Amino acid sequence: MSEQPIVVHAIINGEKVETEKTYSRENPSRPDEIVGYAPMSSREDAIRAIDAAHTAFATWKWSSLDERIERMERAIQKLKEATPELARLLAREHGKALYDAMGEFAVSFMWMEYACNTAKEVLRDEIKEHDGGTTIISHDPIGVVAAITPWNYPISLSTIKAAPGILAGNTMVLKPSPFAPLTVTKVIEIIANEFPPGVLNVVHGDADVGVELTSNPKISKIAFTGGTKTAKSIIKAAADTIKDMTLELGGNDAALVLSDFDVNDERAMRRMVISNFLTAGQICMIAKRVYVHRSIYDQFVEKYIEAANKWIRVGDPFDPNVTIGAVNNLGQKKYVQSLIDGAKSRGAKMIPLGKVLDEDVFNKGYFLQPTLVLDASYDDPIVVEEQFGPTVPILPYDDEEQGISLVNNSIYGLTSSVWGEQNHAIQVAHRIEAGTTMINTAAVQGLDVRFPFGGVKQSGVGREYGEEGILGYTETHVINAPKNLELPYIPE
Ligand code: NAD
């Protein structure tokens, strides 16, 4: 379906700003269709946005929490009204199926509403009267926050930052990814319109603008979601001015299937398939490698293929029968294909999964045949690297110790999952090195915005979602009025 390309602008101090350069965003399902144009902001634009946010902070930090919540709730209402149209735009620029784009909006609203409903409780001053006097612990805003987001879940990963950031009294400059810049700009525009100029700004571009946002002395916090390699550059760029940071990074999440997992549980098997292939595998917390106890390995693979062939239907995001859309960009498609080709050349067996609904669309777009990988070695790149695409290796293990050590043998530790009898699985879960371990489910199916989310090891620093996801946008300020004003050990 061809529609007129849209044009989005940077938003600086409440105004839409034209830039000298723009770039086009194509539809990954039909790459010869331009979905829209986004500005290519310069470093100077970024500086102007940071200055606007810095000026706005001086007033906004004193605004009442009631006012912030009221404005955010109005923004949520307006976003909800715009969602059907925005979700269509997201599906067109991203490549994900329409139901999946709607789902991304639904998760965003769950979080934004949670943040509004709990902000008063979470951000309240804690007043402690104790033996030593009176202590008040307050949660002050930090300052100007640079929010930098990736392409895979552009709406939820922007609102996950904007809602708590602004509710806590900060001002923000957000930079979306050039691979999905259009819908998120519309979303931020709707939110920004409900707040005073300068509270929420958007600039576009890539590393150049990113470097300004992460090194400028007026930025006090960086909230980044993206790749681990990019995060390493960000840490270096921020070093001179020591900034607060939340880093939500890459993962190579494992699913560990215990010997007591019921391979005949069709619902569980379907959840496993979805946890490997939703959004064509382009989710940080997708289960990207599956280890199955050898005693049930052959039956597991057989039932897995059956379930996958039932659920996976690849095609145009607007076809209501489609469960998996396109890969977001050509570079990503080539990367995932190279991992599959590499593993094959080293002796792994490839099994195509699911149905391609429209060969013509499939051949023209950035689609990949979902692929199960068997007989790969434990250290093959398709097992060790974050594939971020529609492929998954399933590997056998012999005993639980080995299974746990295979899961933990990774530089990453974002989420993970254990599948089997619930109490047994929970016991094993305690031994997994990850920010989240889900039992008998995985990926977004097991996500609950009320609880903290984030990674250990090179998967990140800090947490989003839950109370921590709000407190992460505050500085703890202790106001201490001790009873005994002088210390006994200090001589007269
Ligand atoms: P990316 O790191 O390439 O880009 C992320 C953002 O950083 C983009 O906006 C990009 O323009 C910007 N950027 C690039 N270079 C920069 C620099 N030098 N300084 C500042 N900003 C810079 O990631 P991507 O390819 O867009 O997204 C995929 C990655 O994101 C995967 O690794 C995935 O696991 C990760 N991710 C993590 C989570 C999580 O919650 N942990 C969620 C989603 C995605």
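Order of listing sets the numbers, starting from 1, for every ligand and every atom in it. Note that the structure is a prediction, hence the values are computed from the model and not measured.
- Nearest to atom 42 (C) of ligand 1 among the protein's heavy atoms is C284 SG, 3.0 Å.
- With ring centers used as reference points, F277 lies 6.0 Å or more from W311.
- Here the side chains of V373 and M350 are in contact, with some heavy-atom distance below 4.5 Å.
- Put simply, the side chain of K161 reaches to within 4.5 Å of the side chain of T225, judged on heavy atoms.
- The number of heavy-atom neighbours closer than 6.0 Å to CD of E467, taken from other residues, nucleotides and ligands shown, is 12 or below.
- By the 4.0 Å heavy-atom criterion, G455 is excluded from the residues contacting ligand 1.
- For Q445 (side chain) and A442 (main-chain N/O), a donor-acceptor pair under 3.5 Å exists by modelled atom type.
- Under a 4.0 angstrom heavy-atom cut-off, Y153 registers as lying outside contact with ligand 1.
- Nearest protein heavy-atom neighbour of atom 24 (P) of ligand 1: W151 NE1, 3.6 Å.
- Taking only nitrogen or oxygen atoms, main chain and side chain alike, G227 reaches within less than 3.5 Å of ligand 1.
- Two residues are said to be in side-chain contact when any heavy atoms from C-beta on lie closer than 4.5 Å; V290 and Y304 fail this criterion.
- Atom 9 (O) of ligand 1 has as its closest protein heavy atom T149 O, 2.8 Å.
- Some N or O of K175 is nearer than 3.5 Å to an N or O of ligand 1, by distance alone.
- Of all protein heavy atoms, the one closest to atom 18 (N) of ligand 1 is A207 CB, 3.9 Å.
- Taking only nitrogen or oxygen atoms, main chain and side chain alike, T225 does not reach within less than 3.5 Å of ligand 1.
- On a distance-only criterion, T230 and ligand 1 share at least one N/O pair closer than 3.5 Å.
- Screening I11, V184, V8, V187 for a side chain to side chain contact (heavy atoms under 4.5 Å, CB included) with V202, the sole residue that qualifies is I11.
- The protein atom (non-hydrogen) at minimum distance from atom 27 (O) of ligand 1 is P150 CB, 3.2 Å.
- With ring centers used as reference points, F388 lies under 6.0 Å from W151.
- Ligand 1 places these atoms under 4.0 Å from at least one heavy atom of L414: 41 (N).
- With respect to atom 44 (C) of ligand 1, the closest heavy atom belonging to the protein is N152 OD1, 3.4 Å.
- Note: an N/O pair closer than 3.5 Å links L249 and ligand 1 by distance alone.
- The atoms of ligand 1 that sit less than 4.0 Å from any heavy atom of P176 are 9 (O).
- The option with the heavy atom closest to atom 30 (O) of ligand 1, from among G226, S233, G250, is G226.
- For the pair K221 and Y473, the cation-pi criterion (under 6.0 Å, within 45° of the ring axis) is fulfilled.
- The protein non-hydrogen atom at the shortest distance from atom 21 (N) of ligand 1 is G210 CA, 3.7 Å.
- A cation-pi contact links K96 to Y153, judged by a cut-off of 6.0 Å to the six-membered ring centre and 45° from its axis.
- Under a 4.0 Å criterion applied to the non-hydrogen atoms of P178, ligand 1 contributes the atoms 11 (O).
- Side-chain contact between L339 and T391 is absent, with no heavy-atom pair separated by less than 4.5 Å.
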> Given T279 and D100, is the side-chain hydrogen bond (donor to acceptor under 3.5 Å, both in side chains) satisfied, shown in steps?
Replying inline: CA-CA 7 Å; T279 321; D100 200 0; 2.8 Å; yes
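- With contacts defined as side-chain heavy-atom distances shorter than 4.5 Å, the pair R346/D380 qualifies.
- Between D206 and ligand 1, at least one N/O pair is under 3.5 Å apart.
- Interface atoms of ligand 1 facing S177, defined by a heavy-atom separation under 4.0 Å, are 9 (O).
- A ring-ring contact (aromatic ring centres under 6.0 Å, His included) with Y465 holds for exactly one of F451, Y114, W111; it is W111.
- With a 4.0 Å heavy-atom cut-off, ligand 1 is reached by the side chain of I234 but not by its N, CA, C or O.
- In terms of N/O distances under 3.5 Å, ligand 1 is approached by E386.
- Which of E464, K229, E248 comes nearest to atom 40 (O) of ligand 1 through a heavy atom is settled by distance: it is E248.
- Taking 4.0 Å as the cut-off, A231 does not count as a neighbour of ligand 1 on heavy-atom distance.
- With hydrogens and angles ignored, the 3.5 Å screen pairs no side-chain donor or acceptor of N170 with any backbone N or O of V144.
- Contact atoms of ligand 1 toward L157: 42 (C), 43 (C) (distance under 4.0 Å to a heavy atom of the residue).
- Aromatic pair F362/F367: ring centres closer than 6.0 Å.
- The heavy atom nearest to atom 28 (C) of ligand 1, considering only Y465, F453, F388, is found in F388.
- The protein heavy-atom contact nearest to atom 12 (C) of ligand 1 is I148 CG2, 3.7 Å.
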